[in-house]
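A short write-up of the structure that comes next.
Since the model is a prediction, treat every value here as computed from it, not as a measurement. Proteins come first, then strands; the chains are lettered A, B, ... in the order of their sequence lines, and each starts at number 1. The basis for the numbers below is simple: all heavy atoms, side chains too, and nothing from hydrogens, waters or symmetry mates.
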Amino acid sequence: MPSPQYWLMKSEPDECSIDDLSHAPGHTVPWTGVRNYQARNFMRDAMRIGDGVLFYHSSCPEPGIAGIAEVASTAYPDATQFNPDSTYFDAKSTRESPRWLHVDVKLVRKTRLLSLKEMREAPGLASMVVLRPGNRLSITPVAPDEWREVLRLLESA
DNA sequence: GCCAACGTTGGC
DNA sequence: GCCAACGTTGGC
């Protein structure tokens, strides 16, 4: 058995909130719209079914972790890249060689909001990639001890 | 709306 | 392969 892996995935609540995820069929959504190579490579090369996901609300009044989810599929082509009507359309991508892939993400449970402020104030989370100055990556790896600390903080307060 | 950070593009 | 211009992210 490979050791468990953990990720933090940003979603704008206007596009897909934790409640949208909980109301989706099978509590599962395709993680469409990633147009950054590093984030794509995480999904394509590193993610495994069952990996833990911190579901993070970004670009909103209260940014922070809003729930726990898990990786529910291996990577497959993002259909929105072929749709000229989609904001995620990519004219340079082909069906023979799709540029953009994504995984499915399934809700484990909604949690209280662990705010960005609280995350920044937690000594045990200081090393998180997502908290690094200037970080813009929508998918970042989470270390096992960071994952445990987030779960512990979610239980408190 | 501002702006810092940083990824992408394209000319050379 | 360099690098300036440009676009995007995302907190504030």
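In terms of position along DNA chain B, the nucleotide closest to A/Gly134 lies nearer the 5' end than the nucleotide closest to the other residue of the pair A/Arg99 and A/Gly134.
Computed from coordinates, the A/Met128 CE to C/dG11 P distance equals 13 Å when rounded to whole Å. Residue A/Arg132 contributes atom CZ, which lies 18 Å from atom C1' of C/dG11 at whole-angstrom precision. Here the C1' atom of nucleotide C/dG10 and the NZ atom of A/Lys10 are 7 Å apart, to the nearest Å. Regarding A/Leu113, its CG atom lies at a distance of 14 Å from the C1' atom of C/dG11, rounded to whole Å. Rounding to whole angstrom units, CD of residue A/Gln38 and C1' of B/dG7 are separated by 9 Å. Between A/Met119 atom CE and C/dG11 atom C1' the separation is 13 Å, expressed in whole Å. Spacing between atom CG of A/Leu137 and atom P of C/dG10 amounts to 9 Å, rounded to whole angstrom units. The nearest whole Å value for the distance from the CZ atom in A/Arg136 to the P atom in B/dC3 is 17 Å.
Side-chain rings of A/Tyr88 and A/Trp31 stay apart, their centers remaining 6.0 Å or farther from each other. Aromatic ring centres of A/Tyr37 and A/Trp100 lie closer together than 6.0 Å.
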Dump the intermediate steps for side chain to side chain donor-acceptor pair (under 3.5 Å) on A/Thr80 and A/Arg35, then the final yes or no. CA-CA 11 Å; A/Thr80 62; A/Arg35 295 295 180 268; 3.0 Å; yes
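Among the nucleotides B/dG10, C/dC12, B/dT8, the one closest to any side-chain atom of A/Lys92 is B/dG10.
A salt bridge is defined here as a Lys NZ or Arg NE, NH1 or NH2 lying under 4.0 Å from an Asp or Glu carboxylate O, and A/Glu149 with A/Arg152 meets this definition.
Applying the 4.0 Å criterion to OP1 and OP2 of B/dC6, one finds that A/Tyr37 has every side-chain N and O outside that range.
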